[in-house]
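What follows is a single structure, written as structure tokens, with notes after it.
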Amino acid sequence: MAKPSFDKAYEPHEVERRWYAFWEENGLFAAEEESDRPSFSIVIPPPNVTGVLHMGHALNNTLQDILCRYRRLCGDNVLWMPGTDHAGIATQNVVERNLAERGLTRQALGRERFIEEVWRWRETYGSAIIHQLKRLGASCDWRRERFTMDEGLSRAVRKVFVDLYREGLIYRGDYIINWCPRCHTALADLEVEHEEVDGRLYHIRYPFAGAAGGLTVATTRPETMLGDTAVAVHPEDERFAALPASAVLLPLMDREIPVIRDPYVERGFGTGALKVTPAHDPNDFEIGRRHGLPAVKVIGDDGRMTAEAGRFQGLDRFACRKQVVAELERLGLLVEARPHRHAVGHCYRCRTAIEPNLSRQWFVRTRPLAEPAIAAVREGRTRIIPETWANTYFDWMENIRDWCISRQIWWGHPIPAWTCAACGEVHVAMEAPGRCTRCGGSELAAEEDVLDTWFSSALWPFSTMGWPEDTALLRRFYPTSVLVTGFDILFFWVARMMMMGLHFLKDVPFRDVYVHALVRDEEGQKMSKSRGNVIDPLEVIDRYGTDAFRFTLAAFAAQGRDIKMSEKRVEGYRHFINKIWNAARFALMHLEGVQDLPPASELSLADRWILSRLANAAHETRRALDAYRFNDAAAALYRFVWHEFCDWYLEAAKPALQDPARPQPRAAARAVLGRVLREALVLLHPFIPFVTEEIWHHLPGTSGSISRAAFPEASGFRDPGAEERMGILIEAVTAVRNVRGETGIAPGQALEALVHAGRPEVREVLAAQRELVMRLARLSSLSFLEAPVRPRGAATAVAAGATIYVRLEGVLDFAREAARLEKELGKVEKELAAIERKLVNADFLAKAPAEVVHKVRSQQAELGERREKLRAHLDRIRAYDSAS
RNA sequence: GGGCGGAUAGCUCAGCCGGGAGAGCGUCGGCCUUACAAGCCGAAGGUCACAGGUUCGAUCCCUGUUCCGCCUACCA
């Protein structure tokens with residue numbers, strides 16, 4: 001492949017395309033089914049086939065990719081299992097909308113042709129999100145890509161359904177479920193989103209049957225009264241202890257309904273009398289069961305009133321409400337309609353108000369499945385990180401209710417059940433039975449409902465690996481190492497995978513669950529189309545490059561905190577990418593061929609220092625990633641690369657690199673430069689895979705893809721002595737620069753400096769590194785004084801345990817210098833005062849650990865010394881000033 | 001109703017086992033110093049929301065308060 005030019009500014013797009021193709025062609029993301037290396041596996045949270053990449057996906061997959069690339073660099077055999085979800089309701093809605101544009105409906109098409117249409121749609125658009133994940137750099141093992149409607153996964157679904165049914169953990173029955181009149185299907189409790197709305201609480205008078213007076217009930221949904229079959233009061237409510245009649249006359253319907261007594265009724269709410277509509281309210285349904293009440297279904301599946309609603313038949317439920325209220329008002333039975341704020345359920349797919357409806361559905365008995373799933377987390381077999389989410393998990397699991405799994409839509413896994421036309425026997429089996437096992441009848445009607453999409457997603461960690469076959473993949477990669485997901489699907493998905501995994505594989509589906517935050521907009525608002533505040537990740541990638549975007553996501557992925565995304569941030573990290581790029585450009589000017597590191601004795605102080613800092617950066621990165629602290633890892637790398645490697649090492653190494661007259665230090669610097677850059681790139685690679693791969697191929701001493709390099713060891717070049725000595729140098733140089741900045745001397749003007757070093761080691765370091773200090777601080781000379789005596793016209797800096805005089809002949813503004821010293825002195829005195837307050841405290845001396853006391857004492861000594869020096873200089877400056 | 005999280009520099013956020021608070025961006029001053037102006041050097045800027053408590057010592061632990069955000073729930 002042609003080497004591109006190494007331009008001043010990094011140009012990401014061509015680089016990204018080129019390297020992604022290279023990775024895929026060379027199978028660098030492929031997991032091995034047979035391997036001696038440790039296994040590491042992640043199953044992707046499968047995005048909806050209909051979806052397009054949003055910020056949530058971008059964060060989620062960036063974090064997974066960082067982990068996968070990191071583990072590969074550590075030598076693991078990594079499986080990142082990719083795929084998509086058929087997303088029953090969502091996909092059906094999208095395809096239906098598409099049909100509507102062509103003037104068609106699914107009903108007109110018929111079930112079979114509609115399903116074909118969905119598959120066609122999937123062929124055309126279903127890979128969009130996969131391509132987008134690739135642009136993000138996702139290193140999935142794409143050859144293994146799965147789809148929840150694939151034959152293999154469908155088999156797993158049927159097997160699970162049949163087994164659970166036979167174990168009595170799946171049943172069918174008539175219950176109140178959440179019905180979406182728009183999607184025309186039942187929904188699980190979880191799929192209902194509650195929203196506070198301003199409604200009204202209507203007080204309606206139900207006259208007694210055959211007696212004067214009546215009972216006033218309170219309701220927010222007056223239209224349901226048409227289906228009332230009782231009025232309930234609390235058994236111990238004195239107000240209703242003696243009633244003139246045991247029944248009331250249901251207004252508008254002229255039906256007599258009994259007054260019953262049930263402790264469910266809350267005496268303090270409304271009027272204390274509750275209308276009971278068993279067909280349209282879950283609590284009323286229970287009351288109805290307890291009292292043997294009939295259930296009258298007045299609202300149909302289309303949201304319109306049924307024949308049971310009498311003359312209201314055919315009216316939309318909300319229109320009906322208005323009319324019922326109007327008629328009651330006319331009859332003088334509407335006592336009042338006060339404003340009332342309450343929660344109303346909405347369909348999580350289409351936002352339509354949910355109708356609780358009596359209906360025959362299939363359910364999973366969840367409690368027996370939930371118990372092992374609770375235990376697994378309690379016992380730490382699966383860790384939830386951050387831990388706080390474990391509480392949420394327990395809370396939900398412990399109060400779990402049966403799961404309605406049947407959906408009245410067409411796109412999904414058919415429920416494998418058949419009903420005998422002759423005897424009504426229900427058969428649940430993997431394949432359609434030939435004839436009825438009970439009566440021998442041959443006419444068997446297949447169940448028309450399909451399964452909840454989450455039913456198949458619950459199997460994802462093992463169905464993707466070939467279950468129910470006993471595959472090599474399962475043996476090697478199940479349980480998966482970690483699941484990375486957003487908290488919004490903790491119940492929908494994580495909890496259910498836990499239940500299914502434990503039940504069918506007798507082991508947890510994942511060792512760790514890393515729960516990350518939501519990506520919000522700059523103001524902290526949830527991104528949504530209706531708010532119009534959506535930032536498209538692909539546009540961000542177009543503008544700033546994938547690497548900058550990924551690094552931003554990682555840098556802001558602090559545990560337990562939402563990410564507020566703005567392009568400004570990404571721009572900042574694009575600068576970082578560019579910085580790396582330019583550091584590499586610089587390095588390449590000096591690197592030729594591979595050079596081994598010389599022994600430590602031949603390395604300069606800066607060489608030893610940067611190698612030590614590299615080891616430290618490797619250590620911090622490793623520790624942070626092992627703990628899923630992505631932001632810590634990103635920060636450590638940023639600091640190392642920019643503020644240590646670029647700001648100090650490269651500048652410090654320039655003299656050696658640029659001086660051909662001294663081959664030995666030059667060779668050492670070259671070797672170190674090459675080594676540190678290579679290893680830094682490897683450390684960075686999980687975060688910014690493209691630019692690191694690109695640079696890698698330019699560097700001498702590298703081979704193959706950086707994605708298969710070895711993650712640097714943290715222990716290698718630790719050198720505390722070098723770190724301390726370099727610290728002195730940095731402090732001294734910074735002090736001189738400070739003087740220069742504060743006194744307004746042009747950076748170009750070389751200055752003379754004289755140093756009085758109190759501690760011999762400080763003098764030794766500065767003397768040994770004289771040339772370097774001069775260069776970095778832009779000095780024309782650096783000499784040493786035996787006593788702290790300020791030369792004429794010199795500014796003073798106290799730093800690194802030394803006094804540094806900077807000659808500013810004729811330029812020194814005494815007033816300004818005095819002000820500068822005063823400011824410095826003020827700071828020191830304030831710090832010292834705080835320290836000394838501690839040391840006069842007998843309790844502190846007696847009770848604090850010796851090492852803390854020692855530390856404080858040495859701080860006191862150091863600050864005291866600084867204070868004395870500053871005072872002395874200030875006095876002299878003042879004296880000089882007033883004298884002159 | 002129950003639960004969880006947050007409040008730290010102008011902005012956005014880090015801050016591990018309690019030992020006197022950091023970064024990025026922004027601001028101010030100075031620099032085109034041949035890797036990088038997407039850059040370099042320097043500086044300013046903080047009652048760590050408020051009130052108590054524990055402790056020799058609290059941004060950190062405990063209690064309460066205020067203000068935000070989220071999850072959850074069958075008072076119609």
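Throughout, protein chains are lettered first and strands after them, A, B, ... in sequence-line order, and every chain is numbered starting at 1.
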Within the structure shown, what part of the strands sits under 4.0 Å from [X] by heavy-atom distance: base, sugar-phosphate, or nothing?
X      : result
A:A218 : base
A:Y573 : nothing
A:V265 : base
A:E286 : nothing
A:D647 : sugar-phosphate
A:A848 : base
A:K275 : nothing
A:L845 : nothing
A:D395 : nothing

Q.
Please determine whether salt bridge (charged side-chain N to carboxylate O under 4.0 Å, His left out) holds for the pair A:E223 and A:R317, giving the CA-CA distance in whole Å, both sets of side-chain angles, and the decisive distance to 0.1 Å.
A. CA-CA 7 Å; A:E223 69 282 9; A:R317 52 189 169 145; over 6 Å; no

Restricting to non-hydrogen atoms, name the atom on A:E620 and the atom on A:A636 that form the minimum distance, rounded to 0.1 Å.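 In terms of heavy atoms, the two residues are closest at OE1-CB, 3.3 Å.
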
- Task: Specify the closest pair of heavy atoms between A:L588 and A:H698, including all atoms of both residues, with the distance to one decimal.
- Result: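 It is CD2-O, 3.4 Å.
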
Is there a Watson-Crick or G-U wobble partner for [N] with both distances under 3.5 Å, and which nucleotide is it?
N     : value
B:A58 : none
B:C4  : B:G69
B:G64 : B:C50
B:U27 : B:A43

Between [N] and [M], how far apart are the two [atom1] atoms, rounded to whole Å?
N     : M     : atom1 : answer
B:C61 : B:C74 : C1'   : 39 Å
B:G26 : B:A43 : C1'   : 14 Å
B:C40 : B:A35 : C1'   : 12 Å
B:G18 : B:U54 : C1'   : 12 Å
B:G24 : B:C41 : P     : 11 Å
B:A14 : B:A49 : P     : 14 Å
B:U72 : B:C28 : P     : 46 Å
B:G52 : B:U59 : P     : 14 Å

When you get a sec, tell me which of [options] is the closest nucleotide to the side chain of [X]?
X      : options             : value
A:K568 : B:G42, B:A35, B:G26 : B:G26
A:E196 : B:C75, B:A73, B:A35 : B:A73
A:E266 : B:G20, B:G19, B:A76 : B:A76
A:R629 : B:C41, B:C36, B:G15 : B:G15
A:T392 : B:A76, B:G42, B:C71 : B:C71
A:R574 : B:A73, B:U12, B:A38 : B:A38
A:D843 : B:C56, B:G20, B:A14 : B:C56
A:T734 : B:A35, B:G42, B:G24 : B:G42
A:F556 : B:U12, B:A35, B:A23 : B:U12
A:L274 : B:G19, B:A14, B:A76 : B:A76

To the nearest 0.5 Å, how far apart are [atom1] in [X] and [atom2] in [Y]?
X      : Y      : atom1 : atom2 : result
A:D262 : A:L274 : CG    : CG    : 8.5 Å
A:W642 : A:D647 : CH2   : CG    : 8.0 Å
A:I580 : A:Y10  : CD1   : OH    : 10.0 Å

[X] [atom1] to [N] [atom2]: how many Å, rounded?
X      : N     : atom1 : atom2 : answer
A:L779 : B:U33 : CG    : P     : 19 Å
A:W648 : B:G39 : CH2   : P     : 18 Å
A:H194 : B:C74 : NE2   : P     : 6 Å
A:N391 : B:C71 : CG    : P     : 17 Å
A:N178 : B:A73 : CG    : C1'   : 13 Å
A:R740 : B:C40 : CZ    : C1'   : 13 Å
A:N399 : B:U72 : CG    : C1'   : 10 Å
A:R837 : B:C56 : CZ    : C1'   : 14 Å

OP1 or OP2 of [N] sitting under 4.0 Å from any side-chain N/O of [X]?
X      : N     : answer
A:N283 : B:C75 : no
A:K827 : B:A44 : yes
A:K8   : B:G39 : no
A:W389 : B:C70 : no
A:H643 : B:G24 : yes

Review point. Does A:F487 or A:D632 map to a spot on RNA chain B nearer the 5' end, using the closest nucleotide for each?
Key: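 Nearest nucleotide further toward 5': that of A:D632.
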
Residue pair A:F491/A:Q658 against RNA chain B: nearer the 5' end by closest nucleotide is A:Q658

Could you check whether A:Y348 and A:E191, counting side-chain N and O atoms only, form a donor-acceptor pair closer than 3.5 Å?
yes

Mark yes or no for whether A:R670, through its side chain, and A:H590, through its backbone, hold a donor-acceptor pair below 3.5 Å. yes

Determine whether a donor-acceptor pair (N or O, by modelled atom type, separation under 3.5 Å) exists between the side chain of A:N178 and the backbone of A:P356.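 Looks like no, no N/O pair under 3.5 Å.
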
Base orientation of B:C25, chi within 90° of 0 counted as syn, else anti, reads anti

B:C36 base / A:K579 side chain donor-acceptor hit below 3.5 Å
yes

Assess whether ring pair (Phe, Tyr, Trp, His ring centres under 6.0 Å) is satisfied between A:F630 and A:Y514, documenting all intermediate values. CA-CA 11 Å; A:F630 297 94; A:Y514 177 68; 5.5 Å; yes

